Trainee: 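Quick one: the structure is below, and I'll ask about it shortly.
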Amino acid sequence: MTAAIINGKELASSIKEDIRKTIAERKEKNLQIPGLATVLVGNDPASRTYVANKIKTTAALGIRSFSYELDENCTQDELESLIAELNGNPEVHGILVQLPLPEQLSEERVLLAISPKKDVDGMHPYNAGLLARKFSEPLFYPCTPSGIIRMINSVCPDISGMNAVVIGRSPIVGMPTAMMLSRCNATPTICHSCTKNLDQICRNAYIVLAAAGCLCLVNGSWIKPGAIVIDVGINHIPDPDAPRGYRLVGDVEFDEAVKNAGAISPVPGGVGPMTIAMLMYNTLQAVQYA
Ligand code: NAP
């Protein structure tokens with residue numbers, strides 16, 4: 001048996017196309033056009049590339065883009081006063097501060113400074129708190145977890161009652177994804193660096209989500225026959241034949257896992273494109289809170 005490939009790139013394209021059409025219709029009807037402000041602090045090359053991709057995508061979908069760059073040495077007050085200005089700007093519906101920030105800046109304080117109504121990353125403690133409450137709805141669901149749930153639902157619309165394992169408990173990926181799986185009535189087990197018998201827990205799971213950032217952490221033989229495997233991990237391995245001298249691989253031993261899984265997402269071309277698509281989706285949703 002060979003698993004179906006969950007093509008995040010194709011899924012993301014269809015979500016983005018729907019957003020593009022909705023925004024074109026809004027333009028025709030003279031309704032407000034969503035605007036996304038991106039804030040890049042410093043010169044980290046990976047962050048610069050992520051922000052550039054987001055700006056490129058906003059332009060392709062007709063979303064207005066407001067791009068800000070601050071110096072590597074900027075102070076907390078400078079960054080927070082920019083956020084306050086963006087909170088008050090009616091043309092800006094979503095604010096994205098690219099993480100990680102330089103050492104002198106507090107990410108917690110920055111996340112708190114963004115208005116929950118413009119928190120299109122879904123990271124503000126207000127939205128994170130609502131996500132954790134069974135009968136509440138956050139204003140925004142965080143982007144990567146939302147993309148993951150859509151990928152799972154693309155091959156299995158009803159995951160109620162299924163055992164799931166989430167490897168990683170970060171506030172960006174692991175923990176909110178576990179909460180979203182629970183909201184879908186799956187039964188997630190959250191694993192981390194101190195978890196014992198990870199292999200046994202995986203063997204018992206119908207959904208395996210790997211978000212540890214550890215190359216080949218999940219052995220292909222751990223995958224239950226027919227399971228859904230979502231690989232969030234991004235690891236760089238040297239490859240002299242690749243244009244940049246490296247290639248990207250995930251946390252799952254793909255070549256072996258693909259023989260057991262029912263469906264599996266690749267790296268690259270899996271979760272990555274979905275994260276950007278969901279950021280655009282949240283930016284469109286943000287117009288309703290203006
Ligand atoms: P993170 O904050 O470093 O968290 C990693 C988590 O994995 C931690 O909870 C850690 O446990 C756990 N972990 C580490 N080694 C482990 C092991 N050997 N066994 C079990 N658990 C282990 O990372 P993150 O921000 O969540 O990102 C995780 C990965 O996803 C990274 O490769 C990142 O690049 C990728 N990512 C991809 C996207 C995308 O859009 N494609 C988005 C975000 C992240 P402790 O809590 O005990 O330390």
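Whatever order the structure lists them in is the order used to number ligands and atoms, beginning at 1. Computed from a prediction, not measured in an experiment: that's the story for all the values here.
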Trainee: Which value, rounded to the nearest 0.5 Å, describes the distance between Trp222 atom CH2 and Asn260 atom CG?
Mentor: 13.5 Å
Trainee: Going by salt bridge (Lys or Arg N to Asp or Glu O under 4.0 Å), name the residues that satisfy it together with Arg109, two or more places apart in sequence or in a different chain.
Mentor: Glu80
Trainee: So, Asp77 and Thr75: side-chain donor and acceptor under 3.5 Å apart, yes or no?
Mentor: no
Trainee: On the ring face of Tyr141, is Arg183 found with NZ or CZ under 6.0 Å from the centre and within 45° of the axis?
Mentor: no
Trainee: Can you give me every donor-acceptor pair (side chain of residues 164-172, partner residue at least two apart or in another chain, under 3.5 Å) with its distance?
Mentor:
unit_1: Ser170; atom_1: OG; unit_2: Ile172; atom_2: N; d: 3.4
unit_1: Ser170; atom_1: OG; unit_2: Val173; atom_2: N; d: 3.0

Trainee: Who clusters with Val249? Use side-chain heavy atoms, under 4.5 angstrom, across I, L, V, M, F, W and Y, and order the result by chain and number.
Mentor: Leu215, Ile237
Trainee: Sort out the contact shell of ligand 1: every protein residue with a heavy-atom distance below 4.0 Å, listed by chain and number.
Mentor: Thr144, Ile167, Gly168, Arg169, Ser170, Val173, His192, Ser193, Ala211, Ala212, Gly213, Cys214, Leu217, Val232, Gly233, Ile234, Val271, Gly272, Thr275
